[in-house]
Each structure stands twice: as C-alpha cells, then as structure tokens.
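Everything below concerns the one structure shown next.
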There are 2 protein chains.
Amino acid sequence: MKRPTIADIARRAGVSKGAVSYALNGQPGVSEATRQRILAIAQEIGFNPNSAARALSGSTANAVGLALCRPARILGIEPFFMELISGVEAELSARSYALTLQVVADPEAEIAVYKQWWGERRVDGVFVCDLRIDDSRVPVLEELQLPAVVIGGPEHTGELACIWADDAAALGETLEYLVALGHRRIARVGGLPELLHTEIRSRAFAEVGQRLGVEAVTVSSDYTGEEGARATRRLLSSAHRPTAILYDNDVMAIAGLSVAQEMGLAVPGDLSIVAWDDSALCQLTHPPLTALGRDIPAYGAHAARQLLAAIEGKKIGAYQHETAHLTPRGSTAPPR
Amino acid sequence: MKRPTIADIARRAGVSKGAVSYALNGQPGVSEATRQRILAIAQEIGFNPNSAARALSGSTANAVGLALCRPARILGIEPFFMELISGVEAELSARSYALTLQVVADPEAEIAVYKQWWGERRVDGVFVCDLRIDDSRVPVLEELQLPAVVIGGPEHTGELACIWADDAAALGETLEYLVALGHRRIARVGGLPELLHTEIRSRAFAEVGQRLGVEAVTVSSDYTGEEGARATRRLLSSAHRPTAILYDNDVMAIAGLSVAQEMGLAVPGDLSIVAWDDSALCQLTHPPLTALGRDIPAYGAHAARQLLAAIEGKKIGAYQHETAHLTPRGSTAPPR
DNA sequence: TGTGCCTACTCAACCGGTTCAGTCAACATC
DNA sequence: GATGTTGACTGAACCGGTTGAGTAGGCACA
C-alpha cells in the first residue's frame with residue numbers, strides 16, 4: 001500500500017510541494033483559501049508526514065529517549081517506572097512525540113546508548129533516572145549537548161535540568177509522626193546506597209532522628225523483596241529490635257510485613273511499618289500499609305514538559321515537585 | 001557539536017560516499033583493505049549513521065512499536081508488561097532496533113496510533129497485546145500490511161503472526177491438582193471478559209470442572225486489586241463458599257489473600273489460593289502464593305524475534321511458547 | 001508611468017544516507 | 001592484438017520533507 005506524500009497532495013491541489021509544506025505547518029506563505037484546500041486534501045487521503053524525512057531536513061527526531069538501568073525482575077515489580085512512563089507518555093503523545101525505550105545493564109551501557117542515540121539523531125532529548133553522586137552520565141550529556149531532564153536531584157545534576165521532590169522533608173515528617181506515636185527505636189531499610197536520593201534520605205533520617213533524640217538506624221538494601229525480607233529478618237532478630245521500620249519502596253515493605261508475620265509479630269501491635277511509594281500494592285496487604293506517596297504520573301508528565309521545553313531551547317532549571325505525603329493506614333500504631 | 005557523516009569519512013579516506021556506504025554495510029564493491037581503512041576511520045571519529053537518513057532511503061525505520069491499552073494504575077502494578085518489555089528489549093537492542101512505546105486509552109486510539117505510525121513510517125512493525133475476540137485491530141493491521149506479532153492467540157489473529165501459550169492446559173493441570181488435594185468447590189476470579197485469553201481460560205475451567213465432577217464457577221473481574229478483593233468478598237460471603245480460588249493475575253490473588261485474612265479465614269486451612277502470573281510479588285506474601293508462572297522475558301524475546309523475522313519478510317505463523325507451570329507454595333493445601 | 005512593496009506562490013538546494021548505472025584499469029582468453 | 005570479464009570504485013539519482021531565494025501579479029502612491 002502506497003503511503004501518500006506531500007507530492008501527492010501538491011499534485012491534487014495544483015500547487016508546489018513547498019506550498020503544501022507551508023500550509024500543513026501553519027507557516028505564512030499561502031492564502032487562507034489554499035491552506036484550507038490543502039488541509040482538506042491531506043485529511044481526505046489520510047496523510048501523515050514521513051517522520052524520517054522530517055527528521056532529516058528539520059533536524060528534529062520528534063522522539064525522546066528513556067534508558068532504564070535495572071534488572072528485569074526489579075523493573076517489573078516496581079510500579080514506579082511504569083507509572084512514570086504513563087505520565088511521560090500522556091504529555092508526549094499530546095505533542096506527537098514518540099518515546100523510545102531501552103533497557104540497559106549498567107551506567108556504562110547507558111552512556112553508550114546516549115552516544116548512539118545522539119549520533120544517530122534518534123532522539124531529541126533524554127530522561128535520566130536513578131541519579132548517582134557524581135554521576136558519570138551528567139558530563140557526557142553536557143558534552144554531547146543532548147537536552148536532558150534528570151529525574152532526581154537537585155544536586156549533582158551539573159548544568160542539566162531536573163525535577164525533584166523534597167524527600168528529606170517527607171522523611172522528617174514521617175519520623176516525627178512515628179515518634180509522636182511513641183516509637184523510640186526506628187529502623188529504615190534503604191534503597192541502593194549509590195543512588196543520590198538514597199543518600200539524601202539516609203542523611204535526613206539520621207539528622208532528624210538525632211534532633212528528636214531517638215534511635216534511627218539505616219540498613220542498606222536493593223529494592224528487591226528478597227533483600228528487604230533479609231534485612232527485616234536481621235533487624236527483628238536483634239535483641240534490641242526496632243518498633244517501627246520505614247522501607248524505601250513498597251516491595252520491600254510488603255516483604256517486611258510478611259517477615260514480621262512469619263516471625264509471629266503483630267503489625268502494627270509489635271511493629272509499625274511505613275512504605276515509601278504508595279502504589280496500589282500497599283492497599284492489598286493485610287493490614288494495609290501506611291505509605292508515603294505522591295502522584296507519579298504527574299511527576300512524569302512534568303518531567304516531559306521540562307524536556308520538551310529544553311528541546312525547544314528554553315533555559316530550564318530545577319523544578320520542585322510536590323513533597324510526598326503520608327497516608328496513614330493500618331500498619332502504624334503506638335508501640336505496645 | 002557537529003556529528004560526523006559518511007561524507008566526512010569519505011573525505012578522510014579519499015573515496016566516495018558510496019564506497020563508504022558499501023564498506024560500512026558489509027556490501028561487496030570495495031576491497032578488503034579499503035573496507036578496513038574506512039572502518040577504522042569510522043571507529044576513530046565515532047561515527048553513527050543518522051537513523052533518519054537511513055530510514056528515508058532504506059525505507060526501514062529500525063524501530064518497532066508497542067501500544068499499551070491499560071490505565072496507568074494497572075500498567076504500573078502488573079509486572080507482566082515490564083517483564084515483557086525487558087525481554088523484547090534484550091532481543092531488539094542486540095540487533096540495534098529501537099522500541100517505541102505508546103500508552104493509549106482504548107482500542108480505537110490504538111488503531112489510530114497504528115495508522116499514524118504506518119503513515120509516518122515510524123516503525124517497521126508492532127506488537128499487539130490483549131487480543132480480543134474478533135479484534136478490530138487485526139483487520140486494520142492486515143490492510144496496512146504492517147508486520148505484526150500478536151501476543152496471544154492462536155485464534156482470532158487473522159493472517160498475523162502470533163505467539164501463544166496453552167492456557168487451557170495449564171488451567172486443567174491446576175484444577176486437577178486442586179481436586180487431588182480434595183477440593184470440590186473451586187472458584188475462579190477471571191480477568192477482563194472481553195479478552196480472548198480470559199475466554200479461553202473460562203471455557204477450559206468450566207470444561208475441566210465438569211469432567212472432574214466438581215463445582216467450578218468463574219466470576220469476572222478487571223485485574224485490579226480493588227475488584228479482586230470485592231469478588232473475593234462476595235465469594236467468601238456466600239453460604240456455599242469455595243474452598244479454593246484461582247485468580248487470573250497475581251495482584252488480584254494478593255488482594256484475595258488479604259480479604260480472606262480480614263474475614264478470619266486461614267490460608268491455606270480454610271481457603272486455598274492460586275495466582276496466575278508468578279511474579280516476585282507471590283513470594284512476598286504470607287503465606288507465599290502457589291502460582292502458575294512462565295518465563296515472561298523469554299516470551300517477550302521470542303515475540304521480538306518473530307517480529308524481526310516478519311519484518312524481514314519471512315512467512316511467520318503461530319509459535320507456541322512453554323505452557324505455564326504450577327509452583328506450589330504455602331497458599332494451597334487440602335481443605336479442612 | 002515608474003517605483004516600491006506586499007502577497008502568494010514556485011523552484012531548487014539540502015538533510016545524509018542507499019543504490020544503480022557507469023567507468024576504468026588490470027588481467028585472462030583465444 | 002582484439003575481446004571479454006572482473007573488481008574497485010565514482011557519480012548521480014533518490015527517499016520526502018523543509019526552507020531560503022526568486023518571481024509574477026496586484027495594489028498604492030508620487
């Protein structure tokens with residue numbers, strides 16, 4: 001089946017290719033009557049501009065890239081990325097930008113993908129997830145001058161735009177809530193320690209704990225259920241076990257809940273549990289989990305708007321998204 | 001920063017653009033010595049072919065599309081799609097194909113996306129998920145002659161290639177297992193009834209139940225935890241309540257487990273639970289869920305191989321993937 | 001009537017690859 | 001020595017848009 005081109009439209013309208021291009025793109029240079037005629041023909045024959053031809057002459061790919069650097073089993077189980085993608089997509093498709101996705105094994109591979117995308121002109125910009133401290137991807141993107149929005153920050157992003165949320169504040173609020181309930185020994189099962197937001201949370205957790213005069217220990221984990229369960233088992237086996245545990249994602253929190261039950265501890269009676277990331281999963285457990293949540297699709301949509309603005313050459317800085325808020329459910333209570 | 005083109009390479013190598021193209025693509029027409037020289041220069045200056053130029057002249061976009069038609073909150077919570085994407089990606093990136101993702105609201109919008117992609121030549125082929133009975137997308141793709149692989153089937157796929165698994169067999173096996181344990185009243189909380197695989201499972205469930213002479217009722221749901229919980233509550237409130245429930249996905253199974261516990265029923269003592277889709281979630285609950293699983297990334301990888309073959313013009317039919325197998329865990333036992 | 005200026009176009013180059021039709025030298029064959 | 005044949009390469013057209021330069025016709029104004 002032959003795809004219609006602007007030449008076909010031009011022939012039918014009795015004008016030149018250039019006139020058709022002006023008409024379709026809302027540029028001046030054609031009369032209103034001709035523009036309407038051309039638009040009608042385009043509509044009638046179901047014309048869509050060839051994206052490659054457009055990219056080649058217009059030098060814009062009309063696509064943005066997202067490279068995800070997590071193993072398949074974690075990607076699948078964590079609702080965060082899919083919700084983010086949904087939000088990003090909503091914004092992109094409204095402006096008929098495509099989203100190109102690539103799963104990579106490590107940050108080096110991710111850098112290679114950026115270089116390839118840049119060289120191939122496959123994307124006009126990229127999202128950068130899981131920011132690390134002194135992230136090696138940042139200088140590469142700066143040098144390539146590939147528009148980018150870091151999802152995270154606001155530090156260590158170099159000259160790149162970013163979108164971030166005040167995790168430290170959310171964490172402080174949560175800790176205050178637990179202390180107000182009467183908890184004095186509170187643990188946190190953190191995410192991958194090399195990630196910047198883990199570092200930010202760990203620092204805030206320690207500082208607020210000290211300020212409130214309570215024990216606040218963080219143990220590192222990797223977002224998987226297995227590791228979350230193992231960390232919980234270790235915490236709950238200590239002589240001086242915590243009365244509340246805060247988890248850096250919902251998957252680990254659910255694993256932790258399961259471990260507590262397996263060890264015969266009542267939740268929330270013997271142990272209070274708080275999850276970071278309030279996906280629908282948190283309401284499926286028994287008891288449902290108290291969780292720190294925010295609107296992830298909206299976060300993604302905002303990131304997409306930032307990136308599109310950056311691609312248009314606007315000077316973009318750091319944008320602060322809403323702080324996560326605590327939704328108390330059945331998994332938190334005063335300690336017995 | 002200027003991107004290198006084949007003209008740059010040609011100039012440095014002292015040959016024409018055509019020769020460079022032959023050399024880079026492993027075509028005959030250049031001597032081995034010249035080929036090596038050109039390859040070395042390309043390597044040195046970090047050349048990547050402009051994907052738009054390639055698409056424009058070669059008429060292949062080097063990208064495939066996946067349109068997902070589920071609301072954000074379900075997409076996020078169901079590990080299936082992300083695992084599928086991981087598998088697809090692994091195969092595609094090895095052949096340096098890109099994956100273009102789009103989230104759509106309904107099948108009509110999905111058809112519009114296919115038409116747009118086709119018109120824009122943005123993708124060389126697409127994956128079709130969530131096949132329905134007499135799916136309206138199938139004839140559209142056939143007419144566009146856009147290579148496609150249906151993930152599901154093997155019926156109602158028209159002339160399109162597909163990859164499928166024998167859900168009916170897996171379901172029969174599971175039902176036999178539950179009956180062998182001593183269950184006589186078994187319920188199933190099914191997925192969206194308009195989807196073909198739901199229909200296939202429902203039919204198999206009824207047939208095998210009849211063959212084994214046990215009560216086997218299916219109630220419809222929509223894959224969400226909320227609906228799964230509601231259906232479970234209804235089932236467990238009936239005078240003649242089932243002693244085992246089979247859920248069409250893991251999220252509903254987890255919700256069901258939670259409802260059972262909330263109603264004071266012991267799992268597996270009073271109620272056995274089996275989940276379809278064995279993601280890591282199933283091992284996080286207490287007790288862990290007996291589940292029907294298969295290797296989803298491998299499924300995705302195979303689908304990608306099929307699609308690439310179809311794009312190359314090979315005649316592809318239906319490919320049957322491994323049948324899901326049951327992993328018994330703590331949520332199933334003989335009824336009390 | 002000539003000049004200037006606008007509007008509404010046309011024309012052709014260009015983006016960066018691929019590919020087909022030639023060209024030309026070297027070698028083989030009779 | 002004339003005649004293929006082959007290998008290695010060049011040159012130009014082409015894919016389907018965008019865009020800047022050029023132009024024809026109409027109108028205003030002096």
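Chain A is the first sequence line, chain B the second, and so forth, proteins listed ahead of strands; every chain is numbered from 1.
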Partners meeting side-chain contact (heavy atoms from CB on, under 4.5 Å) with [X] (sequence neighbours left out):
{"X": "B:S96", "answer": "A:Q116"}
{"X": "B:S16", "answer": "B:A19"}
{"X": "A:E142", "answer": "A:V138, A:E159, A:L160"}

Results of side-chain hydrogen bond (donor to acceptor under 3.5 Å, both in side chains) for A:Q36 - residues two or more places apart only
A:E32
B:N48: which residues meet the side-chain hydrogen bond (donor to acceptor under 3.5 Å, both in side chains) condition with it, sequence neighbours left out?
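Counting only residues at least two positions away or on another chain, B:N48 forms no side-chain hydrogen bond (donor to acceptor under 3.5 Å, both in side chains).
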Span of DNA chain D, from the first to the last nucleotide whose atoms fall under 4.0 Å of chain A heavy atoms
D:dG16 to D:dG20
Report which part of the nucleic acid A:V20 touches: base, sugar-phosphate, or nothing (heavy-atom distance under 4.0 Å, all strands).
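Result for A:V20 = nothing.
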Classify B:S16 by what it touches in the nucleic acid, base, sugar-phosphate, or nothing, heavy-atom distance under 4.0 Å.
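Touches a base.
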Are any side-chain N or O atoms of B:R121 and backbone N or O atoms of B:A55, one a donor and one an acceptor, separated by less than 3.5 Å?
no
Given axes from five pairs at either end, by how many degrees does the helix from C:dT1-D:dA30 to C:dC30-D:dG1 bend, rounded to 10°?
60°
Report the C-alpha separation of B:R70 and B:E78 in whole Å, then their side-chain angles, then the decisive distance to 0.1 Å, and conclude whether the salt bridge (Lys or Arg N to Asp or Glu O under 4.0 Å) test is met.
CA-CA 10 Å; B:R70 299 260 181 116; B:E78 276 212 332; 3.1 Å; yes
Please tell me which of B:R121 and B:G14 maps to the more 5' nucleotide of DNA chain D, matching each residue to the nucleotide holding its nearest heavy atom.
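Going by which nucleotide is closer to the 5' end, it is B:G14.
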Kindly state each residue pair satisfying salt bridge (charged side-chain N to carboxylate O under 4.0 Å, His left out) with at least one member in residues 295-306 of chain B, sequence neighbours excluded.
B:E91-B:R305
Which residues pass the salt bridge (charged side-chain N to carboxylate O under 4.0 Å, His left out) test with A:E110, not counting sequence neighbours?
A:R137
Can you give each donor-acceptor pair under 3.5 Å made by side-chain atoms of residues 307-315 of chain A, sequence neighbours left out, with the distance rounded to 0.1 Å?
{"residue": "A:E312", "atom": "OE1", "partner": "A:K314", "partner atom": "NZ", "Å": "3.0"}
{"residue": "A:E312", "atom": "OE2", "partner": "A:R95", "partner atom": "NH1", "Å": "3.2"}

Heavy atoms, side chains only, cut-off 4.5 Å: are B:L195 and B:R132 in contact?
yes
Just wondering, do A:V64 and A:V126 contact through their side chains at under 4.5 Å, heavy atoms?
no
Measure CD1/A:I6 against C1'/C:dA12 and give the value in whole Å, please.
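To the nearest whole Å, that distance equals 13 Å.
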Whole-Å distance separating the CZ atom of B:F47 from the C1' atom of C:dT18:
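It is 12 Å, rounded to the nearest whole Å.
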Identify whether NZ of Lys or CZ of Arg in B:R294 sits under 6.0 Å from the centre of the six-membered ring of B:Y299 and within 45° of that ring's axis.
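Output yes; distance and angle both within limits.
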Could you pull out the protein-nucleic contacts involving nucleotides 19-23 of chain C (nitrogen or oxygen on both sides, under 3.5 Å)?
{"residue": "C:dC20", "atom": "N4", "partner": "B:Y22", "partner atom": "OH", "Å": "2.5"}

With a 4.0 Å heavy-atom cut-off, tell me which residues in residues 28-45 of chain B come close to DNA chain D, sorted by residue number.
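Hits under 4.0 Å, by residue number: B:G29, B:V30, B:S31, B:T34.
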